[in-house]
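No experiment lies behind these values; they were computed from the predicted model shown. Note: hydrogens, waters and symmetry copies are ignored here, and every other heavy atom, side chains too, is used. Counting convention: from 1, in listed order, for ligands and their atoms alike.
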Amino acid sequence: MKIGSHVSMSAPDYVLGAVKEAISYGATALMLYTGAPQNTRRKAIEELKVDEALALMEQHGIEKSSLVVHAPYIINLANCAKPETFELGVDFLKREIERVKALHANILVLHPGSHVKAGEEAGLEKIVEGLNLAMENVGDVMIAIETMAGKGSEIGYRFEHIRYLIDHVKYPDNIKVCMDTCHIHDAGFDLSDFDKVLDEFDRVVGLDRLICMHINDSKNVQGAKKDRHENIGFGEIGFDKLCAIVHNPRVSHVVKILETPYVEGYPPYKHEIEMLKGKVFDPEILTKIQQDAK
Ligand code: FE
Ligand code: FE
Ligand code: ZN
C-alpha cells in the first residue's frame with residue numbers, strides 16, 4: 001500500500017528533510033508543499049537537496065510516483081472578479097509544474113478554486129482558461145484536481161465539475177483527480193458504501209483518473225460543507241469506513257495521504273498509518289502520539 005502523510009519542507013534539509021520525516025512515520029508515500037501553502041515565496045530548486053532526497057527514497061523503497069506535490073491554496077483559477085489573482089495563479093502554477101518536474105515527481109494536487117460571486121459556470125470556464133495557460137509545458141505532470149467540500153463558493157464538490165474540466169481543457173490527458181475523504185463526506189457523499197461512491201465516480205469521471213487520495217476523518221456531519229479535518233477514527237466518518245476505503249482493492253494502486261491535524265502539537269501520522277495498516281482501531285492512540293513525542 002502506498003500510504004503516507006503531508007510532511008513539511010523546511011530549512012536546512014528541505015526535500016531531504018521531508019523524506020526523512022516520511023520515513024520516520026513508516027510511510028511509503030509523502031506529500032509536500034514546495035514552500036508555505038499560503039504564499040508564493042519559493043526557494044530555488046537547487047537549494048532543496050533534491051538528489052539526496054531521491055537517493056534516500058530509493059534506499060527505502062519509496063517510488064518517485066509516490067511523491068506528491070500540493071499547489072498552494074492561494075491559487076484560485078476560478079476567480080472571475082480579480083484579474084490579478086487569476087494571473088498570479090496561472091503564473092505560479094506554471095512555475096510549480098516546473099518544480100514538480102525538477103523533483104522527478106508527477107502528481108500535482110490542485111484545488112479547483114472558488115468562483116466568489118460569479119457562479120459555478122463562469123468559475124469553471126475561468127478554471128479552463130487558467131489551466132490552458134498554465135499547462136502549456138505540462139509534460140508528464142499530472143494535475144490532480146482535488147474534490148472539495150463545497151465551502152463558500154468552492155468548485156469541485158461534485159464529480160460533474162471535474163468532468164467539465166476534462167471535457168473543456170486543451171490537455172485532458174493530464175487532468176487526474178485527488179479524492180479527499182473529508183471533503184466528499186462534507187460534500188454529501190455517504191462513505192458507508194465506498195463502492196457506490198466509486199461507481200458514481202467511474203460513471204462521471206472514470207476510475208482511471210483517480211491517482212491520489214487524501215485520507216482524513218471529518219469534524220462535521222455528512223453534507224455539512226465545512227472542510228475541517230479530524231484524526232482517523234475521531235470524526236463523523238469513523239475508523240471502519242476509512243479503513244475499508246484504504247483497503248478497497250479498486251484503489252489499491254492509488255497514493256494515499258493523511259492530512260489529519262496534529263495532536264497537542266505532535267504529528268499523528270506514524271500511529272495513524274500503523275492503525276490503518278493493521279485494520280484495528282486503537283482507542284489509546286491520542287495518548288500514544290503524545291507519549292511518543294516526549
Ligand atoms: Fe488540498
Ligand atoms: Fe485534501
Ligand atoms: Zn480539507
Side-chain angles (χ1 to χ4, degrees), residues 2-9 18 22 27 29-40 66-78 89 92-93 96 100 105 107-114 127 131 142-159 161-162 165 175-189 191 194 197 201 209-232 234-237 241-242 245-246 251 254-262 267-269 272-273 276:
K2 298 175 194 171
I3 188 165
S5 66
H6 77 94
V7 288
S8 51
M9 198 188 69
L30 63 152
M31 182 175 83
L32 49 84
Y33 289 87
T34 61
Q38 65 276 19
N39 70 45
T40 55
S66 302
L67 170 60
V68 178
V69 176
H70 195 313
Y73 24 83
I74 49 144
I75 293 185
N76 184 9
L77 299 182
F92 188 90
L93 187 56
E96 189 81 327
V100 172
I107 305 179
L108 177 55
V109 175
L110 176 71
H111 291 185
S114 298
I127 299 168
L131 287 173
M142 297 299 155
I143 308 294
I145 306 289
E146 185 163 349
T147 60
M148 303 309 288
K151 188 180 57 182
S153 66
E154 249 171 21
I155 289 172
Y157 62 90
R158 298 187 60 189
F159 298 151
H161 295 162
I162 297 169
L165 299 179
I175 300 290
K176 305 282 179 181
V177 181
C178 173
M179 186 188 280
D180 186 311
T181 56
C182 167
H183 298 176
I184 60 172
H185 162 89
D186 280 27
F189 288 91
L191 297 189
F194 189 57
V197 176
F201 184 87
R209 302 256 181 198
L210 186 62
I211 57 171
C212 182
M213 290 188 73
H214 287 165
I215 309 296
N216 304 306
D217 212 328
S218 172
K219 283 195 198 294
N220 293 286
V221 293
Q222 185 188 334
K225 301 203 162 183
K226 290 278 210 280
D227 186 5
R228 293 198 56 214
H229 302 183
E230 181 54 284
N231 290 102
I232 305 294
F234 292 86
E236 293 290 332
I237 304 174
K241 291 179 207 169
L242 290 166
I245 290 170
V246 163
V251 295
V254 174
V255 182
K256 300 175 183 83
I257 301 291
L258 297 161
E259 303 173 297
T260 49
Y262 273 36
Y269 309 119
E272 287 185 332
I273 290 169
L276 285 169

**Prompt:** With a cut-off of 2.8 Å, does Asp180 place any N/O/S atom under that distance from the Fe ion (ligand 1)?
**Reply:** no
**Message:** Restricting to N, O or S atoms, which atom of Glu259 is closest to the Fe ion (ligand 2)?
**Reply:** OE1
**Asked** Under the 3.5 angstrom rule, does the side chain of Asn216 hit a backbone N or O of Cys182 as a donor-acceptor pair?
**Response** no
**Request:** Taking atom types as modelled, find out whether Tyr33 and His6 have a side-chain donor-acceptor pair closer than 3.5 angstrom.
**Result:** no
**Request:** Name whichever N, O or S atom of His183 ends up nearest to the Zn ion (ligand 3).
**Result:** NE2
**Prompt:** Counting backbone and side chain alike, does His214 bring an N/O/S atom below 2.8 Å of the Fe ion (ligand 2)?
**Reply:** yes
**Request:** Could you tell me which N, O or S atom of Asp227 is nearest to the Zn ion (ligand 3)?
**Result:** OD1
**Asked** What atom name does the N, O or S atom of Glu146 nearest to the Fe ion (ligand 1) carry?
**Response** OE1
**Fill in**
Distance col, row Glu259:CD vs Ile215:CD1, nearest 0.5 angstrom, shows 9.5 Å
**Message:** I'd like to know if the side chain of Glu146 pairs up with that of His214 as donor and acceptor (distance under 3.5 Å, no hydrogens or angles considered).
**Reply:** yes
**Prompt:** Would you say Cys182 has an N, O or S atom lying under 2.8 Å from the Zn ion (ligand 3)?
**Reply:** no
**Message:** Distance alone, cut at 3.5 Å: any donor-acceptor contact between the side chains of His229 and Asp227?
**Reply:** yes
**Message:** Given the Fe ion (ligand 1) as the apex, I'd like the angle to NE2 of His111 and NE2 of His70, rounded to 10 degrees.
**Reply:** 90°
**Parallel, tilted or perpendicular, as decided by the 30° and 60° cut-offs, for the rings of Phe159 and Phe189** = parallel
